[in-house]
Amino acid sequence: MSIILYFDVDIKTAADLDTYITYELPWPNEEPQSGKTDVCKKSDNPEYNHTDKLQINRRSKQMLRVFKNKKIKLELYYRRYVLLAELLS
């Protein structure tokens, strides 16, 4: 399975951002699978090229019920660099 994400980011400030994405798959219930991508530094068009193997059992009825009630959680995190000149003006 491949996931391609598109985020609408203001291009003027996006080049000053370090970004990464965290994800959480709500299966299995006892210990949800999660992870994060590497940090993409100062890019207005980040490509993470992250690959991870997640445990999915298509025959499990319990897993199907979990996916009907819960979603895969993806969060975009960023850190912005601010120049001292911007703070003083």
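Atom set for the values below is all heavy atoms of this structure, side chains included, hydrogens, waters and symmetry mates excluded.
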Residues in side-chain hydrogen bond (donor to acceptor under 3.5 Å, both in side chains) contact with T37, at least two apart in sequence or another chain: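 Partners of T37 under the side-chain hydrogen bond (donor to acceptor under 3.5 Å, both in side chains) test: none.
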
Counterpart residues, side-chain hydrogen bond (donor to acceptor under 3.5 Å, both in side chains), relative to D52 (two or more places apart):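 For D52 the side-chain hydrogen bond (donor to acceptor under 3.5 Å, both in side chains) partners, ignoring immediate neighbours, are Y23.
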
Which residues share a ring-ring contact (aromatic ring centres under 6.0 Å, His included) with Y77, sequence neighbours left out: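 By the ring-ring contact (aromatic ring centres under 6.0 Å, His included) rule, Y77 matches Y20.
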
CG-OG1 distance between D38 and T19, expressed to the nearest 0.5 angstrom: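 D38 atom CG to T19 atom OG1 measures 11.0 Å (nearest 0.5 Å).
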
Donor-acceptor under 3.5 Å (D18 side chain, K42 main chain):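 Indeed, once roles are kept as given, a pair shorter than 3.5 Å links the two residues.
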
Verify same cluster id: W27, L74 (apolar side-chain graph, 4.5 Å):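 The answer is yes; both residues are in one hydrophobic cluster.
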
same_hphob_cluster(I72, I56) at 4.5 Å side-chain heavy-atom cutoff: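 Same hydrophobic cluster.
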
Heavy-atom side-chain proximity of P28 to Q33 below 4.5 angstrom: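 Side chain of P28 against side chain of Q33, heavy atoms only: contact under 4.5 Å found.
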
Expected list for residues 61-71: side-chain donor-acceptor pairs under 3.5 angstrom, two or more places apart:
unit_1 : atom_1 : unit_2 : atom_2 : d
N69    : ND2    : R65    : O      : 3.3

Residue list, side-chain contact (heavy atoms from CB on, under 4.5 Å) with E24, at least two apart or on another chain: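 For E24 the side-chain contact (heavy atoms from CB on, under 4.5 Å) partners, ignoring immediate neighbours, are P32, S34, K73.
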
Which atom of H50 lies closest to which atom of K36, heavy atoms considered: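 Result for this residue pair: CE1-O, 3.3 Å.
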
Nearest heavy atoms of L25 and Q55, plus distance in Å: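 Between these two residues, the closest heavy atoms are CD2-O, 4.3 Å.
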
